[in-house]
Every structure is written in C-alpha cells, then in structure tokens.
Amino acid sequence: MASYEFRRIEKEWRQYWAENGTFKARDTNNQSKYYVLDMFPYPSGAGLHVGHPLGYIASDIVSRFKRHKGFNVLHPMGFDAFGLPAEQYAIQTGQHPAITTEENIKRYREQMDNIGFSFDWSREVRTSDPKYYKWTQWIFIQLFKSWYNLTSDKAEPVETLISEFETGGNGQIKAACEQTAVFSAEEWKNYSEKEQSSILLNYRLAFLSEAMVNWCPALGTVLANDEVKDGVSERGGYPVERKLMTQWSLRISAYSERLLQGLDTIDWTESIKEAQRNWIGKSVGTSLRFQLKGLEQNVEVFTTRPDTIFGASFLTLAPEHELVSAITTPEYKEAVDTYVTVAKNRSERDRMADIKNISGQFTGAYAEHPFNGQPIPVWIGDYVLAGYGTGAVMAVPGHDSRDYAFAKHFGLPIIEVVTGGDLSVESYDAKEGKLINSDFLNGLEVKDAIKKTIEEIEKKGIGKGKTNYRLRNAVFGRQRYWGEPIPMYDTDNIPKCVDEQDLPIILPEIDKYLPTETGEPPLARAKDWTYKGLPLETTTMPGWAGSSWYYLRYMDPKNDTELASKEAIEYWRDVDLYIGGTEHAVGHLLYARFWCKFLKDIDVVPFDEPFKKLINQGMIQGVSCLIYRVNDSNKFVSVNLKHQYETTPIYIDINLVSNNEVDIEKLKTWRPSEFMNAEFELENGKLICGTETGKMSKRWHNVVNPDDICNDYGADTLRLYEMFLGPLQDAKPWSTQGIEGVLRFLRKLWRLFHNNTEETFFLSDETPSKAELKTLHKTIKKATEDIDNFSFNTSVSAFMVCVNELQDAKCNKRSVLEPLCILISPYAPHIAEELWKLCGHTESIALTPWPAFNPEYLVENEFFYPISFNGKVRFNLNFALDKETSEIEKEVLSNEQTQKYLEGKAPKKIIVVKGRIINVVM
RNA sequence: GCGGAUGUGGCGUAAUUGGUAGCCGUGCCAGACUUAGGAUCUGGUGCCGAAAGGCGUGGGGGUUCGAGUCCCUUCAUCCGCACCA
C-alpha cells in the first residue's frame, strides 16, 4: 500500500456511493427524520467557484453526522432552473434556454460530485421540469381560488365569499382586499358575470389588477420590489421606471401580520429577521378624514402621531393621489398639472437621487381642522408616496422633519405642540414631552395624548386606530419566456383558471425569445397559445415561484397526483436545517414563508413555517490582482513604485501570480496584444501586483474553480480547508495559504494507520493508554458539540490536535483510531472510508454509529493550579482535586515563592476555584 | 437617519462561556535528513527588554478577588433598509 493517494481514493469512493445508493433517504418509516436543505443553485454558465460549496460542505457534514447518529436524513439537491441569464443568452444566440440550462446543470452536477457530497440525487428537482411546475401552477390556481378572511385569519375558498355576497352583500365581510364599493346581496345577484368577476379579483389571493409596477425597459419586464435595488434592476443594473400596467399579483400583504409574528418562532439570525421585519414595516397609527372646504370629498390621512393634530398646518397629497384633479382650483390648475406630469415622469431612481430637493405645489384647496375649524391648505408633494398609507399626510412641521423641511421651504407655519425641542433649529420628532397649544390635550404626555386623540377622533366618527404595513403585494407576471406559464386564460376580459386536470400548461416553443412587434410578451409568439379555444395568459411566473415550495417536492419528487403525498409531508415536515446566503433575506425567504402559510391554510402542509433553523454562510471573496499601467504609455510598474507615476490599474488573471509576484512571461502570452511588447519596471527584480478583495467573478479574473483544488489537493482537503478558514457565517477572502497544512494533516492521519514508511497498513490490538483514551474522548466531545453549534472550524482544529497527540504517542491502536475515523468521516469522507476499509470493514462507514463519549476518561485527580497574585499569574502548583480548600490555602501560603510575592505582607484573602485557579488577594 | 454585525500576533483564527490570552494552521527564524528541494522531520516564534521584569484583546471609564468575555461611553470597518407619515 502506497502513500495517501487522494485522487484514486476519492474517485473509487464516489463510485461506490453512487453504485450502492449509500445516501438514499428512506421513505416513511419509524426512524427519526432529519431534513437538511441547501438553497438550490441557479445553474449559471460560469459554473461553481470555491465560494459556492462552503454552505454545501457544512450541510453535508451535518447530514453525515446525523446519519452516524441514527437519523433518516433527507439531504437533497436540485436546480432553480428558470431564470433570466439563460433567456438573455437565448436572445443573443438563438440557443434554446432549456439546452443551455441542461448543459449548465451537467457541469454543476460534475463539480458537486467532485466534492463528494452525500446528496440523495434520486430526489433531484428542477423547477423547469413540467412535472415539477405542474404543481407550481397548481398552487397558483389555489391562490386564485382563495380569499383572505380576516375574521378567521386565514385563506378560504372563494365559494364561501360568494355565498356571503349572496346572502348579505360585502358590507359585513372583513377581508384583505382592494377598496371595493359596498353592495347588497340583491345588487350582487344583479351584477353581470364580468362585474362579479372584477369584484372577486379584489379579494382573490392571486389577482389581476391595474397597478403601478416597476418596469425595466432594458429587460423588457416588470420586477417585484425586492428585485429592484437603488432604483435599478438587481440583475444587470438597468434603470427601472414606474408604470401603470395590468398585472397578475399575489396578495402577500394579507399575510403581513402572520409573517411578522412567525419570525418569533423560528431560529434564524437576528439580522435576517430584522430585515424581514423592516420589509414588512408594521406601523401602528390612526387614519382620519379631513373635510374639504366647499367640497363633498374628504381627505383620509394616516398618522402615527395623532397627538400632534393641533400642529397640523397643511395637508400633503402624493402627486398621484386620486383627488388631486378634483380639488385643484382653476387658478392653480396649470401649476398642479405641470408638477404632476414632472413627478410622474421621473424614474424611481431620479426621485431617490433627489431627496434633498424639496418640491411641491399648492392646490388652492383648503381642508377644515376637525377640532378647531381652522382652514388648512392642501398641497401636493412627491415626498409623499402614493403607495403607502392613504397617499396623503397631515403635515406637522413642528414634529416631523420632512414636514419641517417642506414648511421652511414654502414658508408655511410651524406650530409647536410638544415641548422639548427648539423649533427654530429643527423639528422635534421624539415621542416625549408635554402637549401645548392643543386645546383638550394640553398638559398630557405624548403617550396619553395619542390615546386621548384616538378616542376623540372615534367619538366624532372621523377616523379610527389603524395598523399599516409597508409590505406591498407581489407583482407575479413577467414579460419573459423562460419561466412557468401562468395557467390562466381569458374569456371576454374575465380571467379564468385552467382546470386542474389539464395541468401542466407546458411552455410552448417559439421562434424568437423576444417580445412581439406589438410589445406583447414572447409567449404571444407561440402558435395556438390557447385553452379551450380561448387565449392563454402570455406572461410567465417570476424566478421565485418555483423556489417558494421546492423543499416540499423533495419529500416525494415523482408524485403525479399531488405536489407531495400527505404521508411524506407528515413524515418529513419542516426543514430542520436550512443553509444559504443572506442575499435572499427578503426575497425567496419571505415568499417561501408566505406560500407555506397559505398551504397550511388550505391543509396541504401541517406546519406554519418551512425552515425551522436557518444558517447563513458567509461569502468567500475573491482576491483580485492588479498591475499598474503608466498613463499614456505601454509601461507597467510594480505596486510599490506606482506612486511615482500617474497610473491606471488593470485586473489580471490570478493564475499569472504567485505570492503577489507576476509571472511576466505568462502575462505576455495571456494577452499578447497588450503585454507582449510592454516595458516593465520591477522592484528587486520582481513585478509585484496590488490586490483587492471582492466578489468572485469572471469580470475581475479572480475566480477559483473547486475542480482545480480537488485535483491539486483532493476533495477532502478542500472540504476541511473551507471549514478551517473560520466561522461559517463570516465573510472571508479565498487564499490557498494554509491549504498545504490541511493536506499535511491528512497525510499525518494516513501515516497513523501505517508503518513508518507509509507502505504498510498496520494497526495494533493493544489496550490503549489512559492518555490515548483521553485524547480520543476529548475529541469525541469536541466534535459532537461543535456540530451542534455549527462551529466546524474548531472541529478541524481539534482533529489536528488529536492527530498530533496520537502521533507523539506513536499510537496505532485500533480501539483509538477506528473511532477517530468515524469522527473525521463527515468532514473528510473519502479518506475515512478508505481507512475504514483498510481496518477490515466491508460496509461503508457512513452508517456506522457515532462513538460514544465517556467522560470518565477525562477525569483527572490532580490539577496544576496557576497561582495568581491580585489576578497576575506568577507560578503553578500541583494539588489533588479532592484536596480540602483550607489545606490548599495553607500550602500555598507556606510556599517559598508565595512569600517572595507577598513581600512580607499578610494576604487579605485567598480564592480557590476548584480545578481552575488560585488567586491571592493582597 | 434606522437596524444588524465585527474589531485579539505578520496573516486566518482559538479561548472550558467571568478563571493561566494566543490553541490549530499559515508565515517567519534556526536545525536535521538530503546531490537537490517549493518534500519530510525537530525546535523557536505576541510586543518591549541582555535579563529581572513590564506591556498587551480598537480607545476611555466602570463592576469584580479576577474581564477578550458583563455594564457605560467612544472610534473604526462591513452589511441591510431608508422621503414609510
């Protein structure tokens, strides 16, 4: 037997696992289950880089550990296969996205296989597979067929709503819905089918409506709020505009409160929970109506500070507010029209970039103060958002900084109604102080004043306490090809859903992946895109549709009659451990929770939250290398010389560099046109590059492929090394400094099982020494605890300590090394399997029981106490652990060295902490 | 502005959860074996100091016999949200 041949070993064991189905999760049985899930990847053309496997390695360690612990482990993998890049590629090349996707998946699969993950590939899912998206479409139909009853606080079938309408109209119904005029049962029955349909759309959880959407012209599609960052699209960074369009949306807002409350029941990091709380944006306040002078209409506003009502000196409406044109007086019409037009045409981005510029326009209208009858001018201003609250605010410049800025700018009155600030300098926004200038509120504290004001408002019948959420309904239709078709069709402008037995509606073939000449989505190009002879919906679902429920499909991936069988869902239930990146904080993770709650309401799943525990792995960053070109020349200078010149940095491939030294010959062949005839100014004979840490990307030429690492060092080394890099959650730059140490460790481990020349496998059956058992059991304890704490880096370190100690002890005893093999197997499964086989076992190590920890081996009967004086450790003394404290004190005091440090003084007291430390207080 | 995190040797990190700061690994220094090594092994390595000793966990303060760990305050960096009434 030769030395540690990782390439051969790893290849053989991967083959063994595949052939023997070692990691197949068993269907329902009596064994306890454990469900470990990774966020499945979108298979991009770039393949995996070393950052991707970080989370997969961690989840794989947990999975393997749980198998050793006797659990039936579900550890599946699949692909989020619908998405924009494949479609963009298709537009450029004409290549069908399905083909590109298939190729990419193949590549991903190979790369993952190389790392030796224990995925149960027999359960693989792909969101673009019709057998899969059949059920994505099915869920959509269930959403369409449901409304949200606020009384029972759950989704219910639309039939129940219709029968309510038929018996009592909609006056008594409390539902999460759009504003709908009140009608009686009689009126309902007299409505046409079309009228009824459009009313029902106001209630359905999947609904078609005309709404302001984020339109991205460059991508030719609408985007959900979480797909837009800083006014540009998250993918591609293209500008996004507001546009009024008829769109399918999901009424996620109905679930705002449950999505918020649910956060308290799950074990996720505080930062992600906080991000979701923020996104949901609950705010408790009051809605109240201001009567307009000389008009019938009133303006409804939402405020969290009803107590400041006597400080309200004007109202501001969003430019898009529906009352604007009705209330504007002829005198101001032109100015208002101009303002509204400008505001509407400004993109989201411009509006955000322009926060500091205050703009607004008086409408000429006045409202009446509900308590003192004073006239209050009505303005419009784009600092008020149409989409939040009622799109109108009562402006209290004294106690709201935005109203303050607006009032200052337009010279409107600023009234102080809460004490504590200096209004000549800034507004006083704090919810603390006493009310003044406020009639019946004078003298009250803010908290009490809020209560009192709400009482008075309700007494007058002009408003009531109200809770608002920032969470907007999610736009669901995309004007794109490569996504799930929305299973809806249209009869005379009445949207209807496809019969469930006709699912899936399969994505049709089309000639070009572009919108039609008339601007319709690509699906409009499909021949005969109809259902029952009627036109099918042409938009497709967004990327997050398929990923919102995929965790359920793994439980029963081949089921043709249900998304997963009741028994499978009942057995596997929610995900015990979910690992993935933080980038999905408010997208995928919120939508998946929403769908889970909905599926609970319609009795498909028996739980309320899909992911019990969530761990976010940190990003492995790339380190890019830069060289510096002297401006207007073909000369490149070493990094420490660049301050002498005006230079431009250029990113070069990291493979051209070792230890920050650029290989100039390689550089020349890398890009001959640029470097072949270049001049280089060196320092100490070397061209040293600069470095920069950031995302790993082709663009910066800093991508490290895990395949290369597996080939050079082995998959086990890669796995151990990625874990050894630091805590899983931390971001860390990739560096191969140190990977050698891990490989060296595995070689040492290998040698423990072999004779000195590494040639022959050799274990002894002798009884281990006390010290050897201590080393082993210390490691068992640590390895077990660390996995429970997801502290994988410290385990690797513990293995190294263990192997070092056993090597020092020249230990080759079977009863020590076999358990060690099991401990290491979740981390470095290939070498563990090989050594296990060499030990004479014929079965895979994967299901071998985890070694039991025996604390007796760690018990010591004496301890080498540090003796400290006022907390400073000076020397050590050995005492038996069961020695009386008074005895220890006596001996410490009489010790010669103690006398030296006491300098003749008497100690005030002595503190003896058993097995820890002794402190002499002087 | 609001919220979340993080600050420890040259570097990545560790610390029995209030008890000897720096485990493990890199890097560096020295040595051994070698024709040779970017292989392997051994020893050393927080800083200052010849030593005794002193200093040391971003800074300042506090609680404690004892603080990297708890409290207050301050600084720096990273991430998320943000005209949300």
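We use all heavy atoms of the structure for the numbers below, so side chains are in, but hydrogens, waters and symmetry mates are not. Chain naming here is simple, since letters A, B, ... match the order of the sequence lines and numbering starts at 1 in each.
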Engineer: Report yes if at least one side-chain N or O of A/Asn793 is closer than 4.0 Å to OP1 or OP2 of B/A14; otherwise report no.
Structural biologist: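 Yes, within the criterion.
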
Engineer: Looking for any heavy atom pair under 4.0 Å, which part of the strands does A/Arg277 touch: base, sugar-phosphate only, or nothing?
Structural biologist: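 No contact.
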
Engineer: Write down the distance between CZ (A/Phe745) and P (B/U26), rounded to a whole number of angstrom.
Structural biologist: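 It is 12 Å, rounded to the nearest whole Å.
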
Engineer: Atom CD of A/Gln807 to atom P of B/U40: distance rounded to whole Å?
Structural biologist: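 Interatomic distance, CD of A/Gln807 to P of B/U40: 12 Å.
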
Engineer: Give me the distance, rounded to whole Å, that separates B/G7 from B/G12 when you measure between the P atoms they each carry.
Structural biologist: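 Going atom to atom, P in each nucleotide, I get 12 Å.
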
Engineer: Is the distance from OP1 or OP2 of B/C24 to the nearest side-chain N or O of A/Thr794 less than 4.0 Å?
Structural biologist: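 No.
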
Engineer: State the pairing partner of B/G18; accept Watson-Crick or G-U wobble contacts with both distances under 3.5 Å, and report none otherwise.
Structural biologist: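 Because no pair has both required distances under 3.5 Å, B/G18 counts as unpaired.
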
Engineer: Taking syn as a glycosidic torsion within 90° of 0 and anything else as anti, which one is B/U64?
Structural biologist: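 Anti for B/U64; the angle lies over 90° from 0.
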
Engineer: Check every atom of B/G3, B/A85, B/G27 against the side chain of A/Asp400 and return the nucleotide holding the closest atom.
Structural biologist: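 Per side-chain heavy atoms of A/Asp400, the pick is B/A85.
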
Engineer: Could you tell me the Watson-Crick or G-U partner of B/G53, where both distances fall under 3.5 Å? Say none if there is no partner.
Structural biologist: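 Across all strands, the one nucleotide that pairs with B/G53 is B/C48.
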
Engineer: At less than 4.0 Å, is any side-chain N or O atom of A/Arg751 found next to OP1 or OP2 of B/C41? Yes or no.
Structural biologist: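 Checking A/Arg751 against B/C41: at least one side-chain N or O falls below 4.0 Å of OP1 or OP2.
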
Engineer: I want to check one thing: is the phosphate of B/A85, taken as OP1 and OP2, less than 4.0 Å away from some side-chain N or O of A/Arg470?
Structural biologist: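 Indeed not, no polar side-chain atom of A/Arg470 lies that close.
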
Engineer: When the P atoms of B/A21 and B/G54 are considered, how many whole Å apart are they?
Structural biologist: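 That atom pair is separated by 13 Å.
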
Engineer: Picking from B/U40, B/G19, B/A85, which would you name as closest to the side chain of A/Arg747?
Structural biologist: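 Nearest to the side-chain atoms of A/Arg747, counting from C-beta on, is B/U40.
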
Engineer: Please pick, from B/C41, B/U20, B/A85, the nucleotide with the shortest atom-to-atom distance to any side-chain atom of A/Lys748.
Structural biologist: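 So the nucleotide nearest the side chain must be B/C41.
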
Engineer: Rounded to the Å, how far apart are A/Asp382 CG and B/C83 C1'?
Structural biologist: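 It works out to 9 Å between those atoms.
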
Engineer: With sugar-phosphate meaning primed atoms plus P, OP1 and OP2, does A/Leu725 contact a base, only sugar-phosphate, or nothing at under 4.0 Å between heavy atoms?
Structural biologist: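 Counting heavy atoms under 4.0 Å across all strands, the contact made by A/Leu725 is with sugar-phosphate only.
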
Engineer: Is there a side-chain contact between A/Tyr901 and A/Lys872, using heavy atoms and a 4.5 Å cut-off?
Structural biologist: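 They are not in contact (no side-chain heavy atoms under 4.5 Å apart), so the answer is no.
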
Engineer: Pick out the pairs of N or O atoms, protein on one side and nucleotides 53-58 of chain B on the other, that lie under 3.5 Å.
Structural biologist:
residue	atom	partner	partner atom	Å
B/G54	OP2	A/Arg874	NH1	3.1

Engineer: Sticking with atom P, work out how far B/G38 lies from B/C48, rounded to a whole angstrom.
Structural biologist: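 Taking atom P in both B/G38 and B/C48, they lie 29 Å apart.
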
Engineer: Between the side chains of A/Ser359 and A/Tyr339, does any donor sit under 3.5 Å from an acceptor?
Structural biologist: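 A/Ser359 vs A/Tyr339: donor-acceptor pair found between side chains.
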
Engineer: Examine B/G25: is either OP1 or OP2 under 4.0 Å from a nitrogen or oxygen in the side chain of A/Arg744? Give yes or no.
Structural biologist: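 For A/Arg744, the contact criterion (side-chain N or O under 4.0 Å from OP1 or OP2 of B/G25) is not met.
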
Engineer: Considering only the P atoms, how many Å lie between B/C41 and B/G46, rounded to the nearest integer?
Structural biologist: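 It works out to 22 Å between them.
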
Engineer: Are A/Val921 and A/Asn870 side-chain neighbours, meaning at least one heavy-atom pair lies under 4.5 Å?
Structural biologist: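 In contact.
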
Engineer: How would you label the contact of A/Asp403 with the nucleic acid (heavy atoms, under 4.0 Å): base, sugar-phosphate, or nothing?
Structural biologist: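 A/Asp403: no heavy atom of the nucleic acid under 4.0 Å.
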
Engineer: Please evaluate the base of B/C65 for a donor-acceptor partner in the side chain of A/Asn919 within a cut-off of under 3.5 Å?
Structural biologist: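 Such a pair exists between side chain and base.
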
Engineer: Give me the distance, rounded to whole Å, that separates B/C11 from B/C47 when you measure between the P atoms they each carry.
Structural biologist: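 That atom pair is separated by 11 Å.
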
Engineer: How close or far is atom P of B/G12 from atom CZ of A/Phe724, stated in whole angstroms?
Structural biologist: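 Those two atoms, CZ and P, are 13 Å apart.
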
Engineer: At 4.0 Å (heavy atoms only), tell me whether A/Val921 reaches a base, stays on the sugar-phosphate, or touches nothing.
Structural biologist: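 A/Val921: backbone/sugar contact only, no base atoms under 4.0 Å.
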
Engineer: Which nucleotide in the set B/G80, B/U20, B/C81 lies at the smallest distance from any side-chain heavy atom of A/Trp279?
Structural biologist: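 Of the options given, the side chain of A/Trp279 lies nearest B/C81.
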
Engineer: Let me spell it out: for each of A/Ser791 and A/Asn278, pick the nucleotide of RNA chain B with the closest heavy atom. Which residue's pick is nearer the 5' end?
Structural biologist: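 Comparing both residues, the 5'-ward one is A/Ser791.
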
Engineer: With a 4.0 Å cut-off on heavy atoms, is A/Pro733 in touch with a base, just the backbone sugar-phosphate, or nothing at all?
Structural biologist: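 Result for A/Pro733 = nothing.
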
Engineer: Could you please spell out the steps behind the salt bridge (charged side-chain N to carboxylate O under 4.0 Å, His left out) verdict for A/Glu860 and A/Lys774?
Structural biologist: CA-CA 10 Å; A/Glu860 293 287 343; A/Lys774 186 179 174 185; 2.6 Å; yes

Engineer: Quick one: look up who B/U40 pairs with, Watson-Crick or G-U, both distances under 3.5 Å, and put none if it's unpaired.
Structural biologist: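 Per the H-bond distance test, B/A32.
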
Engineer: Categorize A/Val913 for me: base, sugar-phosphate, or nothing, with a 4.0 angstrom heavy-atom threshold over every strand shown.
Structural biologist: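 Touches a base.
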
Engineer: Using atom P of each nucleotide, how far apart are B/U16 and B/G10 to the nearest Å?
Structural biologist: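 Between the two P atoms, the distance is 23 Å.
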
Engineer: Taking only the side-chain nitrogens and oxygens of A/Arg305, find out if one of them lies under 4.0 Å from OP1 or OP2 of B/A85.
Structural biologist: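 No, no such contact exists.
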
Engineer: Check whether any side-chain nitrogen or oxygen of A/Tyr383 sits under 4.0 Å from OP1 or OP2 of B/A85, and answer yes or no.
Structural biologist: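 A/Tyr383 to B/A85 OP1/OP2: no side-chain N or O under 4.0 Å.
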
Engineer: Quick one: look up who B/U6 pairs with, Watson-Crick or G-U, both distances under 3.5 Å, and put none if it's unpaired.
Structural biologist: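 Matched B/U6 with B/A76 under the 3.5 Å cut-off.
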
Engineer: Pick the nucleotide of RNA chain B nearest each of A/Val393 and A/Ile917; which residue has the one closer to the 5' end?
Structural biologist: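 Per heavy-atom nearest nucleotide, the more 5' residue is A/Ile917.
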
Engineer: Could you tell me how far apart A/Arg916 (CZ) and B/A67 (P) are, to the nearest whole angstrom?
Structural biologist: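 Going from A/Arg916 (CZ) to B/A67 (P), I get 16 Å.
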
Engineer: Does the side chain of A/Val892 come within less than 4.5 Å of A/Tyr865's, by heavy atoms?
Structural biologist: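 Of all side-chain heavy-atom pairs linking A/Val892 with A/Tyr865, none is under 4.5 Å.
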
Engineer: So, do A/Val301 and A/Leu288 sit near enough that their side-chain heavy atoms are less than 4.5 Å apart?
Structural biologist: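 In contact.
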
Engineer: Could you check if a side-chain atom of A/Tyr4 sits within less than 4.5 angstrom of a side-chain atom of A/Asp716, using non-hydrogen atoms only?
Structural biologist: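 Side-chain contact under 4.5 Å: yes.
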
Engineer: To the nearest Å, give me how far apart CD (A/Gln729) and P (B/U6) are.
Structural biologist: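 From A/Gln729 CD to B/U6 P: 10 Å.
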
Engineer: Would a distance-only check, ignoring hydrogens and angles, find a side-chain to backbone donor-acceptor pair under 3.5 Å from A/Thr304 to A/Thr286?
Structural biologist: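 The answer is no, because no donor-acceptor pair under 3.5 Å joins these two groups.
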
Engineer: Check the distance between B/C65's P and A/Met922's CE and give it to me in whole angstrom.
Structural biologist: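 The answer, rounded to whole Å, is 15 Å.
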
Engineer: Just checking A/Ser797: base, sugar-phosphate only, or nothing, at a heavy-atom cut-off of under 4.0 Å?
Structural biologist: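 Contact class for A/Ser797: base.
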
Engineer: Does the structure show a Watson-Crick or G-U wobble partner for B/U64, both distances under 3.5 Å? Name it, or say none.
Structural biologist: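 Matched B/U64 with nothing under the 3.5 Å cut-off.
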
Engineer: Using a 4.0 Å heavy-atom cut-off, does A/Asn468 contact any base of the nucleic acid, only the sugar-phosphate backbone, or nothing at all?
Structural biologist: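 Result for A/Asn468 = nothing.
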
Engineer: What is the ring orientation for A/Tyr827 with A/Phe799, classed by angle as parallel under 30°, tilted 30 to 60°, or perpendicular over 60°?
Structural biologist: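 A/Tyr827 vs A/Phe799 ring planes: perpendicular.
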
Engineer: Compute the ring centroids of A/Phe410 and A/Phe314, then answer whether they are less than 6.0 Å apart.
Structural biologist: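 Ring centres of A/Phe314 and A/Phe410 not closer than 6.0 Å.
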
Engineer: Taking B/A67 as the reference, what is the distance to B/C79 when you measure between their P atoms (whole Å, please)?
Structural biologist: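 That atom pair is separated by 35 Å.
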
Engineer: When rounded to the nearest Å, what value does the distance between C1' atoms of B/G80 and B/U20 take?
Structural biologist: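 Comparing C1' positions in B/G80 and B/U20 gives a spacing of 41 Å.
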
Engineer: How would you label the glycosidic angle of B/G58: syn (within 90° of 0) or anti?
Structural biologist: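 Anti for B/G58; the angle lies over 90° from 0.
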
Engineer: How long is the line joining CG of A/Leu877 and P of B/U20, in whole Å?
Structural biologist: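 From A/Leu877 CG to B/U20 P: 16 Å.
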
Engineer: Whom does B/G12 pair with, Watson-Crick or G-U wobble, provided both distances fall under 3.5 Å?
Structural biologist: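 In the structure as shown, B/G12 has B/C24 as its Watson-Crick or wobble partner.
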
Engineer: When you compare the side chain of A/Phe875 with that of A/Phe869, does any pair of heavy atoms fall below 4.5 Å?
Structural biologist: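 Counting from C-beta outward, A/Phe869 and A/Phe875 do come under 4.5 Å.
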
Engineer: Using the rule given for salt bridge (charged side-chain N to carboxylate O under 4.0 Å, His left out), can you reason through A/Arg277 versus A/Glu270, listing the C-alpha separation, both sets of side-chain angles and the distance that settles it, and then say yes or no?
Structural biologist: CA-CA 10 Å; A/Arg277 284 188 195 109; A/Glu270 203 43 45; 3.0 Å; yes

